[in-house]
Amino acid sequence: MNSLRPLWVVTVLAVATATGYIMQSVAASNGYAAPVLHWTSLLTMGAATVLTLVMGIRVKRYTGGKAKAPINPIAAARTLVLAQSCTYAGSAIAGWHVGILIGLLGASGTGSNAVKSSLVMIGGALVMAIVGWVVEQFCKLPPEEPTSPEGRAKGKDEEGYAAGTN
């Protein structure tokens, strides 16, 4: 499995920012309210973030040798995928609201509820993205010394994952 690429995360953020700005402009020109997620969306984002963190800590305890019971490899792989999804979702949500915020600041200033909601959603989305990034790092295996010459030839790839699993 490949690790997150910072360029892709930034690309998702940039595309979502442009899309949010365009959609804010279209909504404002047609008399609609700003397309901001309601603050209750933070509950869902928070639940996904906490679940990701709990699962990541479980994997980290196992890879650090502190867990008493072995972890299912499928559960560890699912944790990795969930962490990467959190990073991309957080990046997309933050970008969307940054674009809306750019459009709103020019039109309404800083006092509107939509601006406040955008700021709160940006903060929550950034926390989600950072937790996803950290948990993705938890899922990397520590380097180990192979005992056989064949194992030494294979080893780990440059990202810390077992060679040949990409």
Side-chain angles (χ1 to χ4, degrees), residues 1-61 63 74-142 156-162 165-166:
M1 174 147 291
N2 293 331
S3 64
L4 287 168
R5 306 276 190 245
L7 181 62
W8 280 106
V9 176
V10 171
T11 302
V12 168
L13 182 72
V15 168
T17 299
T19 305
Y21 179 77
I22 291 168
M23 294 308 293
Q24 167 56 28
S25 299
V26 168
S29 66
N30 290 320
Y32 294 110
V36 178
L37 289 175
H38 194 266
W39 66 269
T40 55
S41 301
L42 287 174
L43 297 175
T44 305
M45 290 170 44
T49 303
V50 168
L51 177 68
T52 303
L53 186 60
V54 167
M55 291 176 69
I57 289 171
R58 220 176 78 187
V59 170
K60 180 68 174 173
R61 289 188 68 219
T63 59
I74 299 297
R78 288 178 180 159
T79 302
L80 176 63
V81 170
L82 181 62
Q84 291 178 350
S85 298
C86 272
T87 302
Y88 285 121
S91 177
I93 293 169
W96 174 266
H97 286 88
V98 166
I100 291 171
L101 186 63
I102 291 169
L104 285 174
L105 287 178
S108 66
T110 60
S112 73
N113 285 335
V115 169
K116 293 174 188 171
S117 293
S118 288
L119 289 171
V120 169
M121 291 307 295
I122 290 167
L126 289 176
V127 168
M128 185 179 192
I130 290 168
V131 167
W133 190 280
V134 168
V135 169
E136 196 253 353
Q137 301 305 310
F138 287 173
C139 293
K140 289 186 178 179
L141 294 173
K156 307 272 185 224
D157 65 7
E158 66 277 355
E159 297 163 350
Y161 298 108
T165 60
N166 288 340

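Only this structure's heavy atoms are used, side chains among them; waters, hydrogens and symmetry mates stay out.
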Restricting to non-hydrogen atoms, name the atom on A129 and the atom on S91 that form the minimum distance, rounded to 0.1 Å. CB-N, 4.1 Å
Check against side chain to side chain contact (heavy atoms under 4.5 Å, CB included), T79 and C139: CA-CA 8 Å; T79 302; C139 293; 4.0 Å; yes
State, to 0.1 Å, how close M55 and A75 come at their nearest heavy-atom pair, and which atoms those are. CE-O, 4.3 Å
Atom pair CG/CG of N113 and L104 - distance to nearest 0.5 Å: 11.0 Å
Quick one: pull up NZ in K60 and CG in L53 and give me the separation to the nearest 0.5 Å. 12.5 Å
Distance check, rounded to the nearest 0.5 Å: R78 atom CZ versus T52 atom OG1? 14.0 Å
What are the two closest non-hydrogen atoms of V135 and G56, and how far apart are they? CG1-CA, 3.5 Å
In sequence, state the C-alpha distance, the side-chain angles, and the governing distance for K116 and W39, and then conclude on side chain to side chain contact (heavy atoms under 4.5 Å, CB included). CA-CA 10 Å; K116 293 174 188 171; W39 66 269; over 6 Å; no
Shortest non-hydrogen contact from Y88 to V9? CE2-CG2, 3.8 Å
Between CD of Q24 and CG of L105, what distance do you get to the nearest 0.5 Å? 10.0 Å
Heavy-atom side-chain proximity of S117 to H38 below 4.5 angstrom: no
Please examine the side chains of W96 and M121, heavy atoms only from C-beta on, and report whether any two atoms are closer than 4.5 Å. no
Looking at every heavy atom in both S118 and L101, which two are closest together, and how far apart are they? CB-CD1, 4.1 Å
Should I100 and Y21 be marked as a side chain to side chain contact (heavy atoms under 4.5 Å, CB included) after you check the CA-CA gap, both sets of side-chain angles, and the distance that decides it? CA-CA 5 Å; I100 291 171; Y21 179 77; over 6 Å; no
If we only count heavy atoms from C-beta on, is the T17 to I102 side-chain gap below 4.5 Å? yes
Distance in Å, L42 CG paired with I93 CD1, rounded so as to fall on 0.5 Å steps: 9.5 Å
Do E136 and T87 come close enough that some side-chain heavy atom pair is under 4.5 Å? no
For L7 and T11 the tightest heavy-atom approach is O-OG1, 2.7 Å
Are Y32 and V26 close enough that some pair of their side-chain heavy atoms sits under 4.5 Å apart? no
Interatomic distance, CZ@R61 vs CD1@I57, rounded to 0.5 Å, equals 9.5 Å
